[in-house]
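Notes follow the structure.
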Amino acid sequence: MPELPEVETIARGLQRSVAGDVIESVWIGKKPEPLKSPAQQIARTLEGSRISSVRRVGKHLVFDLQRTPGKKERKQDAGRAQWIVHLGMTGQVLIATPASAIPPHTHLIATLGSGRELRFVDPRRFGRLQVRSDAGFQTSGREPLEVDLELFSSLFRGRNTPIKSALLNQKLLAGIGNIYADESLFRAAIRPRRRAASLTRAELARLYRAVRQVLAEAITAGGSSVSDYVNADGEAGMFQFAHRVYGREAEPCVTCGTPIKRVVIAGRSSHWCAKCQK
DNA sequence: ACTATTTCCTGGATGC
DNA sequence: TGCATCCAGGAAATAG
């Protein structure tokens with residue numbers, strides 16, 4: 001499941017290998033597509049654009065594009081556009097050669113000036129593609145690795161929802177998904193069902209630290225490959241071997257040996273240690 | 001204004 | 001062995 005560390009890993013790989021390349025042509029599949037913008041508009045925006053950079057915003061991949069400036073566009077956005085990819089559960093953006101077999105559930109192929117292809121593959125079609133004719137894509141949620149403790153704490157003030165749900169809420173923090181929410185709460189020794197507003201200053205400080213630590217370590221490890229996740233070069237990550245609670249139901253806690261519990265919160269499975277987390 | 005629940009989607013695992 | 005059912009979950013939509 002691509003969350004912040006996985007998307008960051010993909011973005012870095014794409015930035016390294018396709019930034020500066022030009023999208024020459026685009027093929028978009030026929031079926032009901034995982035598109036937020038009309039297919040024609042996506043194709044029109046991508047074709048002929050130079051990829052100036054690829055970066056991550058929350059769980060989104062953002063391709064910054066440079067096009068031949070049109071007359072009607074505002075000066076600051078002259079010729080600028082963006083291609084935004086949300087990978088959902090099973091989405092992949094892969095760099096491939098035209099000769100390599102096209103995997104099932106390939107929804108978009110962008111042929112690059114360098115002769116390679118960028119392919120968007122997504123079996124379950126939870127992913128979403130969109131384009132913009134400016135450079136203004138943003139998320140309302142804050143970047144977990146950029147906020148300070150005070151702002152981080154203020155996001156949870158007055159919220160009666162479980163802290164697990166609050167961590168998953170992309171309008172508060174952008175990029176944390178089920179894996180890193182569970183791992184952060186374990187490291188902070190906080191139970192997932194605790195009401196967000198009930199956390200003490202000390203607990204918020206521990207959670208802040210834990211979130212940053214977990215995300216940073218996961219990025220270093222190239223992300224967690226639990227189901228389909230691979231980076232832009234098709235390689236798996238390693239952080240799944242460092243998970244302390246996620247996916248470890250009934251296995252012994254790495255700290256105290258108590259079997260890890262699993263409960264459903266807000267429709268998501270939550271893994272935690274009843275002895276270590278309060 | 002918040003919060004909780006439902007829905008979308010398909011491959012892989014499980015059960016009879 | 002084969003077929004049906006369940007499960008995974010991000011985020012938008014819907015309900016309360």
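Lettering follows sequence order; numbering is per chain, from 1.
Salt-bridge annotation for A:Arg244 and A:Asp182: absent, with no side-chain N of the basic residue lying under 4.0 Å from a carboxylate O of the acidic one. Using a 4.0 Å cut-off between charged nitrogen and carboxylate oxygen, A:Arg124 and A:Asp228 do not count as a salt-bridge pair. The pair A:Glu183-A:Arg187 does not meet the salt-bridge criterion, since no charged nitrogen lies less than 4.0 angstrom from a carboxylate oxygen.
Separating the CZ atom of A:Arg268 from the P atom of B:dT6 is a distance of 12 Å, rounded to the nearest angstrom. Taking atom CG on A:Asp122 and atom C1' on B:dG11, their separation rounds to 12 Å, with Å as the unit. At whole-Å resolution of the value, OH in A:Tyr246 and C1' in C:dC7 are 11 Å apart. The nearest whole Å value for the distance from the NE2 atom in A:His271 to the P atom in C:dC7 is 14 Å. Across the protein-nucleic acid pair, A:Leu172 atom CG and B:dT3 atom P stand 9 Å apart, rounded to whole Å. Summarising the geometry, the separation between NZ on A:Lys59 and P on C:dA12 is reported as 10 Å, rounded to the nearest angstrom. Regarding A:Glu3, its CD atom lies at a distance of 13 Å from the C1' atom of C:dA11, rounded to whole Å. When the P atom of B:dT3 is taken as reference, atom NZ of A:Lys171 falls 12 Å away, rounded to whole Å.
Residue A:Arg124 places a side-chain atom within donor-acceptor reach of the base of B:dC9, judged by atom type and a 3.5 Å distance cut-off alone. No donor-acceptor contact under 3.5 Å links the side chain of A:Arg128 to the base of C:dA11.
For A:Thr161, a side-chain nitrogen or oxygen approaches OP1 or OP2 of B:dA4 to under 4.0 Å.
Nearest to the side chain of A:His105, among C:dA11, B:dT3, B:dT10, sits B:dT10.
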I would like to know whether A:Ile95 and A:Leu112 meet side chain to side chain contact (heavy atoms under 4.5 Å, CB included); could you show each step before the answer? CA-CA 10 Å; A:Ile95 302 163; A:Leu112 304 176; 5.9 Å; no
